[in-house]
Structure formats: structure tokens, C-alpha cells
Amino acid sequence: MGTLAGWRTIIHARSACISKVALQNSQNKSGAGILRRMRGHTSPSQLDDNGDTWSEIESLVDATAKLAQRSVSDREFCSDFVRSIVQATNAHGAAVWTCGVDDQYVIAAQIEPPDASGSDDSNLQIRRGNILEVARNQQATQLLARQSDSRLRNPMNSCVILQPVMYDEQSVAVVEVFHEEPACPRESTNTAHVVAVFGDLLADFYRSRELRRLRSRASESARLQDFVEQIHRSVDLKHSAFSIANEMPRVLVCDRVTVLDRPEHRCRALAISGLDTFDRRSPLVRAAERMALAVTASGETLWYPDGSTSLPPQLEARLQAYLDAAHVRSLAVVAMVSHPDGPDQQCEGVLLVERFESSEWNAADRSSVEVVCRHSTTALRNANALARLPLIGVNRLLKHCLRPISLPYLPKTLAWAVALSAMVAALIWVPVDFNISGEGQLLPIRYRHVFAPADGVIENIQVQHASTVTEGTVLLQMRRPLLELEETRLLGEVLTNQKRLDSIRSALLNHRAATTTSASEFNELTSEEARLQVLLASLQDQREILAQERAQLDITSPIDGEVITWSIEDTLSRRPVRRGERLVSIVDPNGPWELELRIADRDIEHVLTASREFKQLNVSFVVVSHAGEEFSGVVESVAIATELDEHQRPTVLLRVAVDPKQLPQLRPGARVNGKVQCGRRSIGFVWFRDLLDAFRTHVLF
């Protein structure tokens, strides 16, 4: 961690210095500055004659300066640089020599002069020697055609200017420009100045490139430092694996990372980036575990695609099976080996780094993966070492349990304990009113329903809604067609039998007058007379019964009061009804009232206990239509049976006597919410009695 912080500080300081130098150089090489530098060595007459030439040189310099600040490759910049310097100096050719491996200079880009097309390797060696000498001396040099001295030689037929490019007090490149013999010394000086300006632009390119590289390294170092901090934040195995899997895509150029543990003789997936949970029995996870086990057995890192190596058949088969399941284009399988160079090396796990786009693993990518893998191996090794300790689970549980009573948390724990104790004591010892709630309705005690005495049709309606009636007032008149038919039939039978009786009585009178009639005939007439008399008496009794039934068809009021049935005319007029069907309801609103309150069956035991403890149970209630007013009453009776209410809930009915003087002008059947006052109990019992009842019913039972 200290090494990473030190490198980060050094890189930021270096980047700041390079940014300052680049800013100064860019200001010095602005369009006006370049003109002042180049035109300062030119006479006014030459400026007048060659104004277009200087403008073209200025545009070329500005274009090259802008290109030097862009992120382009060395080859692209050097090619454009050579073309621009040849055009600006009207040279035969030019070349850029850059410092390579072992301080050897190679040609990065060039435009060969015409007389160099047939040059051999010896001329190239002479030129390379000149480049080395100029780079060593760090001084610009001009050589005439075929000129030679003790240090430098020009084998070409053109004059040559050698301009070293300095960066960080070192020669990083040399610009070689071939041109024809100058007409005067001033022209040679101007050309040398133009080449020097382009040399400064090439140095700016190297400064910008180094600045971008250092910034990139600083950013990578910051990301790596954050990654190391995240994976070492916890020593829990699952948390470390999860941090490695989810933080690694921020450091590496990859799409998915899988972390696998390496227990004995198998691999086990611990975390997959972007997933909170996963199924270890899925084909993808199983294929990853089999492939990781084969890679750890081989002992080498697997890079796919990598055409330079051939895989064993067993590893290749498992790799292909995983590729078919995962559909990835690039894959790196790295074994996380602790102490790789020591005798106690051990495989802590396996990393699967995947890319969904097709790309090769270059040297920089492989180096980044290896660096990140080393840090991840350390975190996973520490987590594995802790997980293998005996009774580690019990130790963690005790740590969490004993944490509240540790010294830093002890004052807060004591404060919470005191507050909780006070709360529990209040719940147990502080009494409050204990009330049982219920719903019901207000009704007058004198309340009657009128039912249909028989099947029939409502013929006439004598009252309307809210009509005031007295006991015996006719409310409705019914008509029974069958009753009328029966009365007609009985009347016909009575008349028929009466005529037969009259005829028999006349025959008996004639029989007494005529002595010739036999005794048997007389007896028959006498018995028939007696039968008809009995039949007529029976028919008369039936007529009286029908008359009583007809009288019942006039439905009267059983009490004095008001009709409360709504829309009687619409619901009953000319409507057939059945016996026992409720027709109208009558109440006496001026008499006493009562409250029918329904209490849930689970709460009735508290009411019964309170009724045995107190002489009377008071009830407070509010009428829904008068929610702002509270009324009171006294429980008169408690039903001995449990019934289902309109919502099919088991309830017990309580009748509560109320004082009608305290009631407002109410309608019968007004909805009421009431509370039966059952004394005083502790706060805990009142608040949590439902929970206690459920515990006793469903847990203790």
C-alpha cells in the first residue's frame, strides 16, 4: 500500500511538471511566436518577396503543433512530420531517427532524397554514425555535400541538417533534413531555424505523449489503489470474493469476472461480477468449475484466444464446453497461487476474466491481469486462512454478541438498557382503561315487523313511509283468489245440500200422509236427513274459518308508532307475497331505546369477567352520524349463544340500556361504535393482548 501511494505521488508531480513545460512551449510556439523567431533573421525585402512562403510555413507549423497535442501514434505523427518539414524547407528529403532499444537509433519515418535511392548499406551506417554523434553532443549540425571532418561525414550529394530533439535533458530523436546548396549564409540560417522549430514541435509531441502516459498511469494507479482497499477491507471469504469479482472490471478491460475457491480436489464458485446470487448447479457454473480445476492441474495460465500454444485434449474439451455455455470471445483463467517461488506455495483460488468482444490478450493486458491477480491472491489467502481457523463461526457470533458490552459501546448500551427496563416496567405496572370495542345499532324497544299471514296478493295499501298509526289501524289489504274460490265452492255445496234436505223433509211429511210407504223407505229418509244436517253444520264451520282467514287479510298495526318501511307502494303494490314474508316495520320512537352491541367472540370472556367483578358495566359509544358526540349506557344482558354477523364473523350480542333524553334526533338502526368499560389493566396487556391471545392459542396450544 505504501509503494502504491509513493508511485502515485511521484506520477502526479511528474505530470504537473510536464504540463507546465508543455504550456510554456505551446505559448512560445504560437503563430506569432514562430513568425517572430523565423522572420527575425530575414530582411524586409525578403519578407516582401516571400510573404506567401512564410504564411505557408506558418500554417504548416501550426498544423504540426496541433497534431503534437493530439493522441496519435508515433508512426502517424512522424510520417506527417516528415512531409511537413520537407514542404516547409523545400528539402530533397528528411528522416526522423528515434532512440530505440540499447540506445540505438532507427528510422521512424523518412522521405529519401533522389540521390539516396541507390545508396548502399555503408551510407546508412555513416548516417547512423552521424546521428549518434549529434545525439551525443546534443548540438545541431550542418554538413555540405560530400563534406567530411574528424567526427562527421556526409556521403550524399545534398546538404544535410542534423537537429537533435531534446526531452528531459536527453536526446530522444534526431531530425535529418537534406536540401540543396544554399545561395547565401542567411538562407542556410533560416532553414536551420525552421528545422529547429520543427524539432521543438517533435519534442512537444514526446512531452504530450509522456504526459498522457503518466496521467494514464496515475489513473490506473488510483484505480488499483481503490481496488486493493476494497478487497482488503474485510477478511470474510465471501465478502472478499464478492469485492474481487465486482471491483476488478473497474481496473481491467473486461466484462465479467468469476472468483472460484480451491478446496481439496475441486473448485467452487464463490462470486460472479454483477450477480448477488447464482445457482451453483447451473451448466455455466459447473462448466467453469471443471475448467478451472483442469487449469490448476496444468499449473499454467490459460489465455484464449492464443494461437501460439496448443492445449492438452482434456483441457481443450473443458474449455470448449465452457465457451459453448458462456458465449464469450476472450477468456483468461489464472490460478491464484500464494508464494509461487517458495516451497510452501498453495493454490488459493482461480480467476476467470472474460470479454464478450473478440480481442487478443496483448502484453499490457496480461501484465495488468497478473498484477491484479497478485493482490487478489493476498486478499483471498488471508480470507482462507481465517476461514480455516477452528470455531471461527462461534468466535464471530460471540464478537457480535459481546460487542454492545465492550468498552467503546458500554455507555450507550447502559443507556439503552435503562430505557428498555423503564419501558418494560411501565408496560407491566402502569394501569390504563381497558375497553372492549364492538359495533352495533340503536333501536327503539317497541319495534315490530308485520308479516304476511298467508300467500296472496297485496290488493290495497292504506299507509305510506313515516305514516303515524295506532294499534289496530289497517295497514294493508290482501286478496287470495283461492280463498274466494273456496268460499264460492262451500256456498254452492251449502245451497245444494240445503235443497236436498228440504226435499227429504217434504218426503217425510208425505210419508206420514201416505200409509202405504214401507218402513224401510222411511228409515232411509230419516238417516239421509240426519246426514245432511251434519254436513251442513260442517260446511257452516268451514265458512266461518274462511271468514276468519278473510278477516286476517286486512293487516293491522300491532302497536302505536310510525311506519319506517321505505317505498311501500313501489315494493308491495299488486305484488304476490308468501306467508311469513316481512311486509312493513313499525317502531315507537317516543318510547325507550336500546343499543344492540356485537362483541367479537374472542373478547367476550373479558366482558363476562368484568361483569362478575363490577355491579354494572358502563358502555360509551358514538353514533356514526354524530361522530363528534359521545353517549353512555349500561349493559342489561349478554346473549348466551354466539352468532354469525353479516360478515360471517362469530359475535355475541349485548343489549345496552340508554337514556333517550341524551340521544339526538336519531333514526332507528343508526350505526354505533361502542366500548365496554372492563376496568383498568396494565399498558402491556391492553396494547399487546391480541398478540398474547394469538401466542396462547397458536403456540402454547
ask   = Is there side-chain contact between S59 and D62, with heavy atoms separated by less than 4.5 Å?
value = no
task = Determine the interplanar angle of the F205 and F77 rings, folded into 0 to 90°, and report it as parallel if under 30°, tilted if 30 to 60°, perpendicular if over 60°.
result = parallel
request  = Drop me the distance from T258's OG1 to M291's CE, to the nearest 0.5 angstrom.
outcome  = 8.5 Å
task = Take atom CZ of R153 as the centre, draw a 6.0 Å sphere, and report whether it contains more than 12 heavy atoms from other residues, nucleotides or ligands.
result = no
Salt bridge K238-D236, side-chain N to carboxylate O under 4.0 Å = no
ask   = Can you tell me if Q230 and D226 form a side-chain donor-acceptor pair at under 3.5 Å?
value = no
task = Determine, for R151 against E133, whether the closest basic-nitrogen to carboxylate-oxygen distance falls under 4.0 angstrom.
result = yes
inquiry  = In the structure I gave you, are the side-chain heavy atoms of F178 and I111 within less than 4.5 Å of one another anywhere?
reply    = no
Closest approach of L202 to A173 (non-hydrogen atoms, all atoms of both residues) = CD2-CB, 4.0 Å
request  = Count the heavy atoms of every other residue, nucleotide or ligand shown that sit under 6.0 Å from CZ of R128, and state whether that count exceeds 12.
outcome  = yes
query = Do M248 and V372 come within less than 4.5 Å of each other through their side chains, counting heavy atoms only?
reply = yes
inquiry  = Looking only at the side chains, is there a donor atom on one of Q346 and S338 sitting less than 3.5 Å from an acceptor on the other?
reply    = no
query = Salt bridge between D168 and R207, side-chain N to carboxylate O under 4.0 Å?
reply = no
key: Separation of I161 CD1 from E176 CD (nearest 0.5 Å)   = 11.0 Å
note = Paired with E289, the salt bridge (Lys or Arg N to Asp or Glu O under 4.0 Å) test is passed by just one of R280, R268, R262, namely R280
inquiry  = Quiz question: by atom type and distance under 3.5 Å, do the side chains of S79 and R75 form a donor-acceptor pair?
reply    = no
task = Would you indicate whether the side-chain heavy atoms of T141 and L152 approach each other to under 4.5 Å?
result = yes
ask   = Do S188 and Q142 have side-chain N/O donor and acceptor atoms under 3.5 Å apart?
value = yes
inquiry  = Looking at Y409, I want to see if its OH is surrounded by more than 12 non-hydrogen atoms of other residues, nucleotides or ligands under 6.0 Å.
reply    = no
Separation between CG of L270 and NE2 of H239, rounded to the nearest 0.5 Å = 13.5 Å
task = Please report the closest heavy-atom contact between E354 and L331, naming both atoms and the distance.
result = CG-CD1, 3.5 Å
message = For a side-chain contact (heavy atoms from CB on, under 4.5 Å) check, start with the C-alpha distance between V257 and L351, then their side-chain angles and the critical distance, and finish with the verdict.
response = CA-CA 7 Å; V257 175; L351 277 180; 4.1 Å; yes
ask   = For the side chain of S368 and the backbone of A364, is there at least one donor-acceptor N/O pair under 3.5 Å apart?
value = yes
query = Can you tell if the side chain of I85 reaches within under 4.5 Å of the side chain of V96, non-hydrogen atoms only?
reply = no
ask   = For T378, does its backbone N or O pair with a side-chain atom of N382 as donor and acceptor, under 3.5 Å?
value = yes
query = For V350, which of V295, V333, V259 qualifies under side-chain contact (heavy atoms from CB on, under 4.5 Å)?
reply = V333
inquiry  = For R127 versus I107, what's the shortest heavy-atom pair and its separation?
reply    = NH2-CD1, 4.4 Å
ask   = More than 12 non-hydrogen atoms from neighbouring residues, nucleotides or ligands closer than 6.0 Å to CD on Q138, yes or no?
value = yes
Derivation of the side-chain contact (heavy atoms from CB on, under 4.5 Å) call for H193 and T189 = CA-CA 6 Å; H193 278 297; T189 302; 3.5 Å; yes
Within 45° cone and under 6.0 Å: R366 NZ/CZ vs W303 ring = yes
request  = Go through the steps to decide whether H375 and L224 satisfy the test side-chain contact (heavy atoms from CB on, under 4.5 Å), and finish with yes or no.
outcome  = CA-CA 9 Å; H375 291 287; L224 182 59; 4.0 Å; yes
query = Between Q110 and E112, is any side-chain donor less than 3.5 angstrom from a side-chain acceptor?
reply = yes
request  = For Q147 and L144, indicate whether the former's side chain and the latter's backbone hold a donor-acceptor pair under 3.5 Å.
outcome  = yes
ask   = With distance as the sole criterion, is a donor-acceptor pair present between the side chains of E56 and Q87 under 3.5 Å?
value = yes
query = Counting distance only, does the side-chain N/O of S240 pair as donor-acceptor with the main-chain N or O of S234 below 3.5 Å?
reply = yes
message = Quick one, Y206 and T98 - any side-chain contact, counting heavy atoms below 4.5 Å?
response = yes
request  = Would you give the length of the straight line joining atom CG of D204 to atom OH of Y167, rounded to the nearest 0.5 angstrom?
outcome  = 11.0 Å
inquiry  = Whether R355 and D365 form a salt bridge (side-chain N of Lys/Arg under 4.0 Å from carboxylate O of Asp/Glu) is what I want to check.
reply    = yes
ask   = If you measure from CG on L260 to CG on L380, what distance do you get to the nearest 0.5 Å?
value = 10.0 Å
inquiry  = If I take atom OG from residue S273 and atom CG from residue N246, how far apart are they, to the nearest 0.5 angstrom?
reply    = 6.0 Å
request  = Before accepting this row, confirm whether a basic side-chain N of the pair R250/E247 lies closer than 4.0 Å to the acidic partner's carboxylate O.
outcome  = yes
request  = Would you confirm whether S221, through its side chain, and R217, through its main-chain N or O, come within 3.5 Å as a donor-acceptor pair?
outcome  = no
request  = For residues E348 and D261, report the shortest heavy-atom separation together with the two atoms involved.
outcome  = O-OD1, 3.3 Å
task = Test side-chain contact (heavy atoms from CB on, under 4.5 Å) on V160 and H179 and set out the steps.
result = CA-CA 6 Å; V160 63; H179 60 92; over 6 Å; no
ask   = Where do C159 and N154 come nearest, in terms of heavy atoms and distance?
value = CA-ND2, 4.2 Å
request  = Of all the heavy-atom pairs spanning V86 and A94, show the shortest one and how long it is.
outcome  = CG2-CB, 3.6 Å
Any side-chain heavy-atom pair of E370 and V334 under 4.5 Å = no
request  = Compare all side-chain heavy atoms of Y304 with those of L323 and state whether any distance is below 4.5 angstrom.
outcome  = yes
